[in-house]
2 protein chains.
Amino acid sequence: MKKKRIRIKDIAEAADVSRGTVDRVIHNRGKVAPQVKAKVEAAILSLGYSPNIIARTLANNKEYHIATLIPLPEDDIFWKLPQIGIQQAFEATRDFGIHIDQFYFKMDDPVSFVNESEKLVEARPDAVLMATQFYREAINFYRQIEKIDIPLVGINTHIKELDKVGYIGQNSYQSGVLAGKLFDISLHENVDILILHLGSSVSNAMHIMDKKRGLMDYNNNHNNKFGIINVEFREYRDLDKFGYFLSDVFSRETNIKGVFITNSRAHYFINALDRMGISNDLCTVGFDLIEKNCILLRKGEIDFLINQDPVRQGNLGIHTLVDQLLFNRSDATITYLPLDIVVAENLDLYLLSNTPSTSEIKTQIMAK
Amino acid sequence: MKKKRIRIKDIAEAADVSRGTVDRVIHNRGKVAPQVKAKVEAAILSLGYSPNIIARTLANNKEYHIATLIPLPEDDIFWKLPQIGIQQAFEATRDFGIHIDQFYFKMDDPVSFVNESEKLVEARPDAVLMATQFYREAINFYRQIEKIDIPLVGINTHIKELDKVGYIGQNSYQSGVLAGKLFDISLHENVDILILHLGSSVSNAMHIMDKKRGLMDYNNNHNNKFGIINVEFREYRDLDKFGYFLSDVFSRETNIKGVFITNSRAHYFINALDRMGISNDLCTVGFDLIEKNCILLRKGEIDFLINQDPVRQGNLGIHTLVDQLLFNRSDATITYLPLDIVVAENLDLYLLSNTPSTSEIKTQIMAK
DNA sequence: TAACCATATGTGCTCGTGCACATATTTTGA
DNA sequence: TCAAAATATGTGCACGAGCACATATGGTTA
């Protein structure tokens, strides 16, 4: 009834050799006579051996250092979220000898990214988790990592050119398509939708462009139901300037009924509208469950937030690297997380579910 | 720079006692002089000791049996999904000595539930995961489990009376509210919404009633924008009968523009409509990403599916129990998973993300 | 003061693997 | 035919914690 877990020792006995020989076969260390090797392999197969990861980890007693390179959480609250996921993953993998060394750069400053990335390389980590919108700089950084031949996983922003890099995050194009669907549900025909890119380095940020393409493709595939107006604005933090800019846009374009803010800064838009006293009868679609957005979603000032689960991105990113370090599983390619449609009525459930079960965290390390 | 992980041996040296004494203090086994105990406790605190779960698990070398009691996956495809999550959790926790013994009952047959639950009790498991819609029978079963004093976690259906039982699943009431919101977005005022309960044992199933209440409350809080028509039908599998039933309903109620199917059987509804040649210009809201629903969502026959992530329910359920067995963490209370709004445009991403990273699975076991 | 008991403290083995080193067996060359 | 070299195989310890058992210490009593 109770079938015992097969150990190396069991294999050794079955194949009538010593533990050492079995060990050599398992790890392909050579120095085993061909017929003995065959015998051992047969025993492994017939008894159904799979290594006990607990014992293996204990015996290995290795320390691994994973370096992370993400924007300063102080610069933009959004980046606190992956940070939480990274922290969770750290707690979970601590017993497996995983250490996490964090490097932060200023999110609007490519030079700071380059500086920090150099510090990171000097620290000689065993793996790297990176999140950046700087396209060229990211590719340069990857070249360096490639030289020292350690695994790299990117989150949040998909740098398509780097095929061999793992990516965990959202499908930006598809999130644009989804935004199109949301406007389609909420608005009548023949109104205009404003696509609003807030922030610098927009043109160096591929994923922002992908979102735009997604929305426009959706519109094309639905008989160009909407007019699309595309606009960029850098100084969004200056509510006065931003407000004047907006009242200018809305006075010229009087048919705007939907607004698509392509990053997590929808709350700046709402605040600027508010300050100018422009009435908000718009359908607003933004991104990310940062606090200021959530408040406005509850109030009904924002209609939809598309969630890319940044907590999970950070968490999964670390776990993917741990997989590679501990189990040499090198299938780290592209993982798109779901695009959650968040409205006032399901918001709280998303916010609460960021605390995974202890055991859920811990087990993520081992399965073969 | 490199701070080594503190071991029992380190504490022992710091407090100038033996490993055994430290062990006794940690596990409160007594037989330690008070002043020595204080000294050891001080050392533990100042050095910041936390046990190495890897080593602990290996040394304990215990086997735990978790029994599951869920409806037969063959009876209703929906139940294949928690099954996947349970299986994933099993792979993940196998090395921690966790075994899973599964018991299945016929989902429409309370007697079969009782029979299987008796078999389960005879198997003397160390913990139980249960999913059932049978209210009375569930409470009875719980009484038995209470006697043998092992942890029990329920998934999918929240039996509110059993406070001490862990629950992981959806907030049914809130899912009704959310459905209200979806109709609100999609439909004009003054149309009717049909709430359709398909299947037997509806009145013995609390959570179905909660969904209805949620929708009706939403409507009340929004000036009773919609008319609500509430209907049950048992023989939904018989497409002819079901079709006639529907054409009767729709000929009497000609203002129905929205249909809310309160469980995972929306596809039966669409098929019955189709068979009767009733045109589908309805806004349809259903539950769960089972294959037949997904196909209809893609085709546009179903507008929204609310997802309660049953895979994750099964997965988390097992992990919660493992937490308790391995770490005596008894904070297993109520965990509501997010309510995902799924449309054709984000469906695939939900379907793909059911494969968690290996490491993510494995680590879920340990964090203290 | 020896004998005894109770309590306090220390030691050694175990879990399953990995790896270094020790030992056994076969092959090679003069 | 025997030693040296090359290869094959076996053994012992370590990883960190848990637990059983061995030993030490202090106190009580005859």
Side-chain angles (χ1 to χ4, degrees), chain A residues 4-41 43-44 47-64 94-98 325-328 365-366 368, chain B residues 4-41 43-44 47-64 94-98 325-328 365-366 368:
Chain A
K4 226 181 49 186
R5 183 82 187 260
I6 300 297
R7 303 157 302 174
I8 285 187
K9 203 183 162 192
D10 301 319
I11 306 283
E13 278 164 17
D16 202 34
V17 292
S18 73
R19 290 163 32 233
T21 303
V22 177
D23 179 69
R24 275 180 283 272
V25 172
I26 289 172
H27 294 91
N28 259 310
R29 298 194 218 278
K31 314 218 167 185
V32 177
Q35 69 273 27
V36 174
K37 189 178 177 188
K39 201 168 54 169
V40 170
E41 276 166 347
I44 288 176
L47 292 183
Y49 171 77
S50 71
N52 182 326
I53 312 288
I54 300 284
R56 168 176 292 180
T57 308
L58 184 62
N60 268 331
N61 199 29
K62 274 187 201 152
E63 306 271 298
Y64 296 96
R94 193 210 283 277
D95 288 322
F96 292 83
I98 305 290
L325 294 177
L326 264 61
F327 312 111
N328 298 315
I365 288 218
M366 330 201 112
K368 177 85 192 172
Chain B
K4 224 181 51 186
R5 182 82 187 260
I6 300 297
R7 302 156 302 170
I8 284 188
K9 202 185 161 192
D10 300 318
I11 306 283
E13 278 164 16
D16 201 35
V17 292
S18 73
R19 289 163 33 233
T21 303
V22 176
D23 181 69
R24 274 181 285 271
V25 172
I26 290 172
H27 293 90
N28 259 310
R29 296 196 220 278
K31 314 217 169 187
V32 177
Q35 68 274 26
V36 175
K37 188 178 177 187
K39 201 168 57 173
V40 170
E41 277 167 347
I44 288 177
L47 293 182
Y49 171 76
S50 71
N52 182 324
I53 313 288
I54 301 283
R56 167 176 292 180
T57 309
L58 184 62
N60 267 331
N61 199 29
K62 274 186 200 152
E63 307 272 296
Y64 296 96
R94 194 210 285 276
D95 288 322
F96 292 83
I98 305 290
L325 293 177
L326 265 67
F327 312 110
N328 297 315
I365 288 221
M366 331 202 107
K368 175 88 191 172

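Nothing here was measured: the structure is a model prediction, and the numbers come from that model. Only heavy atoms go into these numbers, but all of them, side chains included; no hydrogens, no water, no symmetry mates. Order of the sequence lines fixes the chain letters, A, B, ..., with proteins taken first and strands second; residue numbering starts at 1 for each chain.
- The residue among A/Lys62 and B/Pro34 whose nearest nucleotide of DNA chain C lies closer to the 5′ end is B/Pro34.
- Contacts of A/Leu58 with the nucleic acid, taken as non-hydrogen atoms under 4.0 Å apart, include base atoms.
- Proximity of A/Ile26 to A/Val22: side-chain heavy atoms (C-beta onward) are separated by under 4.5 Å at one or more points.
- A salt bridge (Lys or Arg N to Asp or Glu O under 4.0 Å) check over residues 7-16 of chain B, counting only residues at least two apart or in different chains, returns the pairs B/Arg7-B/Asp10.
- In 5' to 3' order, the nucleotides of DNA chain D bounding all contacts with chain A (an atom under 4.0 Å from a heavy atom) are D/dA8 to D/dG16.
- Here C/dT23 presents its P atom at 17 Å from NZ of A/Lys31, a figure rounded to the nearest Å.
- A donor-acceptor contact shorter than 3.5 Å links the side chain of B/Thr57 to the backbone of B/Ile53.
- The CZ-C1' distance, from A/Arg29 to C/dG18, rounds to 6 Å in whole Å.
- Looking at B/Leu326 and B/Ile98, their side chains come closer than 4.5 Å, going by heavy atoms from C-beta outward.
- Atom pair B/Lys37:NZ and C/dT7:C1' shows a separation of 15 Å (rounding to whole Å applied).
- Comparing B/Gln35 and A/Asn60 by the nucleotide of DNA chain C whose heavy atom lies nearest to each, the residue mapping closer to the 5' end is B/Gln35.
- Within residues 18-28 of chain B, the residues that have a heavy atom under 4.0 Å from DNA chain C are, in order of number, B/Ser18, B/Arg19, B/Gly20, B/Thr21, B/Arg24.
- Checked by atom type and distance alone, the side chain of B/Lys37 never pairs as donor or acceptor with a backbone atom of B/Val32 at under 3.5 Å.
- Proximity of a side-chain donor or acceptor of A/Asn52 to a complementary backbone N or O of A/Ile54 within less than 3.5 Å is detected.
- Summarising the geometry of A/Ala15 relative to A/Ala43, their closest heavy-atom pair is CB-CB, 4.2 Å, with the distance given to 0.1 Å.
- Spacing between atom CD1 of A/Ile8 and atom P of C/dC15 amounts to 14 Å, rounded to whole angstrom units.
- A donor-acceptor contact shorter than 3.5 Å links the side chain of A/Arg5 to the backbone of A/Pro51.
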